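Below is one structure, written out as C-alpha cells; the observations come after it.
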Amino acid sequence: MLEFADTHNAGRKTLFVEVILPLAIAKNYTYRVPFDMNDAVAIGKRAVVQFGKSKMYTAIIVAITEQAPEKYEAKYLMDLLDDRPVVTAAQLSFWNWMADYYLCHPGDVMNAALPSALKLASETKIILNKEHGVDRATLHDKEFLIVDALELQPELTVSDIAKLLGQKTVMPILKLMFEKNIISISESVNERYKPRRKTFIKLNSAYQDQERLKELFEILEKRAPKQADVVLAYIHMSRNGARVAKNELAEASGAGTAIIKALIDKEILIAEEVNVSRLLEESGEEPELTATLSEEQEAVLASVRNQFNQKEVVLLHGITSSGKTQLYIKLIEEAVAAGKQVLYLLPEIALTTHVIERLRRYFGEAIGVYHSRFNDQERVEVWQNVLNGSYRIVLGARSSVFLPFENLGLIVVDEEHETSYKQFDPAPRYNARDAAIYLGNVYGAKVLLGSATPSIESYYNAKTGKYGFAELKFRYGGVELPQIEVVSIAEETKSKTIQSHFTSVLMEDMQQALSKKEQVILFQNRRGYAPVMLCRTCAHTPKCVNCDVSLTYHKSSGMLHCHYCGYKEDSPSICPACGSAHLEYKGFGTEKVEDELSILLPEARIMRMDMDTTRAKNSFQNILNELEEKRIDILVGTQMVAKGLDFADVTVIGIISADSLLKYPDFRANERSFQMLAQVSGRAGRRGKQGKVVIQTYDPGHRVILQVIENDYADLYNNEISERKAFKYPPFYRMIQFDVKHKDPEKLFHQAEYLALELRKQFGDRVIGPEYPLVSRIRNYYIKTIMLKFERDSISLSKAKDAIRSMILQFQTTKLSKGCIVQPDVDPY
DNA sequence: AGCACGCCGACT
DNA sequence: GTCGGCGTGCTC
C-alpha cells in the first residue's frame with residue numbers, strides 16, 4: 001500500500017511535519033504527510049495524528065521538512081483541520097521561549113495557550129455488536145454487566161466501564177470481548193467548536209411595495225388575524241433596518257412559533273439561519289467624552305511617549321486615583337491609529353463589567369475581552385476575532401498573552417505587581433507580566449507596566465535604567481488621600497474597649513458612616529469562620545485526611561473544610577480524640593467577622609465577599625452591583641475587596657487584622673503587605689470625600705505600617721532592596737524552586753536529598769534545602785522544596801537551565817526516583 | 001497522557 | 001493457578 005503510493009506519485013515530494021502534541025512530553029514528534037495534503041500543510045495548522053496504539057490528538061505543526069527520520073518509520077498524519085493556520089509564527093516562537101524559560105514541555109504551553117475547543121482528542125467508544133445477537137449464556141459475569149449497560153446506553157467510554165466494574169484494569173476484558181465479536185471499539189474525534197446559529201426573519205421582497213403589502217394585510221386580517229399581527233410586529237421591529245430574530249419576533253408579537261412557521265410556509269416571511277457571536281453585543285451607548293488630562297498627566301504622557309523611543313518597557317508609577325487609565329487610553333488610541341493591535345492585561349479579579357464597559361464605551365466593537373469566566377466556545381470566538389484582525393484591542397487576564405496577535409504594537413500591564421499574574425497549578429508556571437515583556441520583544445511592541453505600588457523588581461529595573469520610568473504623584477481631580485489611623489488591638493484589649501474583633505475606633509467610624517448613609521468595607525484575609533478547632537481538654541485539632549493542615553470551620557455549612565484539597569467533614573460536637581465537649585475555635589475568618597458584626601450592628605445590611613460567596617458564575621458581579629446600588633452597608637471580604645472596587649460612597653475601610661499579612665514568612669511579605677494595605681486604603685473616599693482607613697494590629701509600630709501611613713513607597717523600596725541584596729534575593733539573584741512530591745514520606749525524604757546533592761554538584765551552596773514547606777502534604781502527596789538561588793549577572797541563565805533540564809531528566813531515569821514528581825518553578829512567588 | 005507489558009500478592 | 005494492582009517504558 002505504502003509502496004504503491006510512493007511509486008504512483010514518483011517525482012512528487014515526500015514531506016514530513018514536526019508537531020507539538022498537547023501532552024507533557026519532552027520532545028516533538030514527526031509525521032509523514034499524505035501526498036494529497038502536500039499543498040495544504042503549513043506551519044501553525046492543526047493536524048490530527050495518531051499517537052501510540054489508538055489515541056488521536058490535535059497537534060500543531062511547527063516545522064515542515066523533506067528529511068525522512070532515520071531511526072524510525074514516521075506514521076502518516078490523519079487529517080488537517082484548518083484552511084489557514086490558527087497559530088502564528090510569532091506565537092510559536094513565544095511558546096518556545098516559555099517552555100524553555102519556565103522549564104516545562106512544549107505540550108504544556110500548547111495546553112495553556114489553546115482554548116480546549118481547538119484541541120480535540122479522540123475518545124475510545126465501546127459499542128455493542130447488535131447483528132450477532134449475543135448469546136448471554138456464554139458470557140462471564142463482567143461481560144454480562146457490560147452488555148447489559150450497552151443495551152441501555154449505546155456508547156460507553158473505557159472509564160465508564162472501569163466505573164461499572166469497579167476495577168481499574170478493563171482493557172484485557174474489552175480486548176477479549178472484541179475478539180469474540182461482542183463489541184466494537186472505535187476512536188471518534190469530534191470537532192468541539194460549533195458556531196451558534198440564529199434564525200432571522202425577512203419579509204418577502206414581493207411585499208416591499210406598499211400596494212402589495214396593503215393587499216396582504218386585507219387578506220390576512222380576514223383569514224388569519226394573528227398572522228397579520230406578526231407581520232405588523234415585523235414591520236415595526238425592522239423599521240430602522242434592524243435584523244429581526246425569529247425568537248424575538250415571536251416574543252414581541254405574542255404569537256407562537258407555529259404562526260410564524262405558517263407565514264414562512266406561505267413564503268410571506270423568509271427565514272435565514274446565520275452564524276452569530278456568543279460574545280457580548282456592542283453596548284450601543286455613546287462614547288464617553290474624552291476626559292481632559294491634567295497638566296501632570298499631559299507631561300507624564302509626553303514623557304512615556306518619549307521614553308518609548310529608546311526603551312522597550314516603561315514603568316508608570318501612579319498612586320491610586322491619579323488617572324493611570326486615562327493615560328493608557330491615550331496610548332492605546334495612538335497605537336490603534338497607527339494600525340497596531342493592543343493587549344491590555346489586568347488581573348482576573350479586576351476585570352469587572354464596570355471596567356469592561358468603561359473601555360467598551362470608548363473603543364466600541366474594536367475591543368475584545370478574554371478571561372477565565374468565558375466558556376470554551378466564547379474563547380474560540382475571541383481567538384478567531386483576534387486572528388482575523390477584527391479586534392484591535394484585547395482586554396484580558398493572564399492567559400490573553402496567548403492570543404494570536406498579528407501586529408501587536410503596545411502591551412499595557414496594569415497592576416503589574418499583582419501576584420495573580422503568576423500561574424501555579426498546572427505547568428507552565430509562567431508570570432504573565434514577564435511573559436508580556438518577552439511577547440513585546442517578539443512583536444516589537446512597547447510594554448507599559450503600571451502600578452500604584454510597583455513590584456520591587458520592576459522598580460529596580462526602572463531605577464537602573466533597564467526600563468523607562470514615569471510617575472504620577474497627584475490624585476486626579478484633587479481627590480484627597482484617606483486619613484489612616486492605626487489602632488493597637490493589644491491596648492484596646494487591655495482597656496476592654498474592643499468588642500469582638502472591632503476596636504472602639506473602628507466601631508465609631510462605622511457607626512458614623514452608617515448614620516451618614518455611607519458604606520464600609522472590612523478586610524480580613526482569611527475565609528471561613530475559624531481556621532483552627534481546638535479541644536481544650538486534650539489539645540486535639542481536627543486535620544485534613546489528605547493534607548497537612550488544620551481544617552477550617554465554616555458556620556454556614558456546619559462543616560470543617562480543607563482549603564487545600566476541598567475535603568469536608570461534619571463539624572464534631574465533641575472532641576473526636578477524647579470525647580470532651582470543650583471545643584474552642586481559634587482565629588477568625590470573614591464568616592466570623594460577618595457573624596459578629598451582625599450582632600453588634602443589627603440594622604446594618606452586611607454582605608460577605610470571598611471564595612465561598614462568589615463561587616457561582618455571576619455572584620462576584622452581583623455583589624458589586626448591590627454595593628453600587630447601595631443595597632449593602634458593610635461589605636466584609638478577603639483580598640477580593642481590595643481589587644477593582646471603586647465606589648463613591650465607601651468612606652470607611654477597616655483592616656481587621658494586619659498581622660496575618662505582616663507575619664507571613666516570605667521574603668516578599670513586607671512588599672505584599674504594603675501593596676495590600678495601600679490598595680485597600682485606596683478604596684476609601686474617592687470622588688470628593690475624604691475617606692478613613694482603620695488598621696487594627698498588634699504591632700502598630702511596624703515599619704511597613706508607618707510606610708503605608710506616610711504613603712512612602714520610596715522608603716519601602718529602599719529598605720527592601722537592601723535586604724534583597726543582603727540576603728540574596730531577586731532582583732539580584734534568580735530563584736528556581738523545585739517542588740519534590742511523593743506519596744511515601746520516607747522515599748520523598750531520600751529522593752529530595754539525592755536531588756539536592758546532584759544540584760549541589762553543579763551549583764554548590766547556591767542550593768538551599770530540601771526543606772518542608774509550610775504545608776508539607778497536599779492531596780496525599782508529601783512535599784519538600786529545594787531552592788536554587790544564583791547571581792543574575794555572573795551565571796548564564798541558559799547554561800543553568802540546560803544543566804537543570806538534563807539533571808531532572810537523569811534524575812527521573814534513575815531507579816531511585818520512581819513515583820517521584822519534580823516540578824520546577826522559575827521565579828516563584 | 002494513555003496504553004501494553006511484566007512482576008507480584010491475594011483470592012478461587 | 002489466575003486475576004488485578006502497580007511500576008516502567010514508549011509513543012513519531
Side-chain angles (χ1 to χ4, degrees), chain A residues 2 14-34 37 41 46-79 99 104-112 114 116 119-126 140-143 145-146 157-179 185-189 425-428 741-744 747-748 751 780-781 809-823:
Chain A
L2 294 186
T14 305
L15 297 180
F16 297 88
V17 289
E18 186 189 325
V19 299
I20 299 179
L21 285 158
L23 300 171
I25 340 178
K27 29 180 261 163
N28 290 338
Y29 284 75
T30 302
Y31 286 84
R32 182 166 172 176
V33 181
M37 294 184 199
V41 283
R46 292 175 301 160
V48 178
V49 299
Q50 194 180 54
F51 185 65
K53 206 88 204 329
S54 54
K55 263 275 183 186
M56 286 185 289
Y57 291 95
T58 312
I60 296 288
I61 299 171
V62 292
I64 301 170
T65 157
E66 285 181 55
Q67 192 69 49
E70 286 169 19
K71 299 199 172 114
Y72 53 87
E73 180 101 352
K75 271 188 195 166
Y76 277 93
L77 67 85
M78 319 269 299
D79 204 1
C104 67
H105 308 290
D108 293 328
V109 181
M110 173 179 170
N111 268 330
L114 281 190
S116 41
K119 292 174 291 193
L120 24 113
S122 68
E123 213 168 9
T124 312
K125 292 269 167 66
I126 316 299
H140 302 294
D141 288 0
K142 288 180 182 172
E143 292 175 342
L145 265 171
I146 295 169
T157 66
V158 179
S159 64
D160 286 339
I161 290 172
K163 237 181 269 167
L164 180 75
L165 299 182
Q167 68 183 55
K168 290 189 179 169
T169 348
V170 291
M171 282 316 268
I173 298 167
L174 292 177
K175 231 172 124 185
L176 219 68
M177 290 175 77
F178 175 71
E179 278 158 17
I185 300 174
S186 81
E187 286 299 311
S188 67
V189 183
D425 207 13
K741 304 183 179 179
H742 202 295
K743 284 193 176 168
D744 181 339
K747 285 182 181 153
L748 170 68
Q751 287 164 19
N780 282 322
Y781 275 93
L809 205 70
Q810 183 238 309
F811 175 74
Q812 277 164 344
T813 47
T814 29
K815 290 275 178 282
L816 242 154
S817 72
K818 60 187 176 200
C820 194
I821 301 166
V822 181
Q823 293 175 324

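Throughout, protein chains are lettered first and strands after them, A, B, ... in sequence-line order, and every chain is numbered starting at 1. If you're wondering where the values come from, they're calculated on a predicted model, not measured in any experiment.
Residues A:Lys741 and A:Gln823 bring a donor and an acceptor atom of their side chains to less than 3.5 Å of each other.
More than 12 non-hydrogen atoms from other residues, nucleotides or ligands lie less than 6.0 angstrom from NZ of A:Lys75.
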Mark up nucleotides 2-12 of chain B, 5' to 3', with B wherever a protein heavy atom is under 4.0 angstrom from a base atom, S wherever such an atom reaches only the sugar-phosphate, and - elsewhere.
SSS--------

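Side-chain N or O atoms of A:Asn28 include none that pairs as donor or acceptor with a backbone N or O of A:Glu18 at under 3.5 Å. No donor-acceptor pair closer than 3.5 Å links the side chain of A:Gln751 to the backbone N or O of A:Leu748. A donor-acceptor distance shorter than 3.5 angstrom exists from the side chain of A:Asp160 to the backbone of A:Thr157, with no hydrogens or angles considered.
If you check every strand for non-hydrogen atoms under 4.0 Å, A:Lys27 touches a base. No engagement by A:Glu18 is indicated, since no non-hydrogen atom pair under 4.0 Å with the nucleic acid exists.
Between the NZ atom of A:Lys743 and the P atom of C:dG5 there is a distance of 14 Å, rounded to whole Å. Atoms CG (A:Leu23) and C1' (C:dT11) sit 10 Å apart, rounded to a whole Å. Nucleotide C:dG5 holds its C1' atom 13 Å from the CD1 atom of A:Ile173, rounded to whole Å. If you take CG of A:Asn28 and P of C:dC12, they are 14 Å apart, rounded to a whole angstrom. Atom-to-atom, CG of A:Asn111 to C1' of B:dA1 comes out at 10 Å; the value is rounded to the nearest Å. Across the protein-nucleic acid pair, A:Phe51 atom CZ and B:dA1 atom C1' stand 8 Å apart, rounded to whole Å.
Of the candidate nucleotides C:dG4, C:dT11, B:dA1, C:dG4 has the atom nearest to the side chain of A:Lys142.
Between A:Tyr31 and C:dC12 there is a side-chain N or O to OP1 or OP2 distance below 4.0 Å.
Pairs engaging residues 163-173 of chain A under the side-chain hydrogen bond (donor to acceptor under 3.5 Å, both in side chains) rule: A:Lys142-A:Gln167 [sequence neighbours left out].
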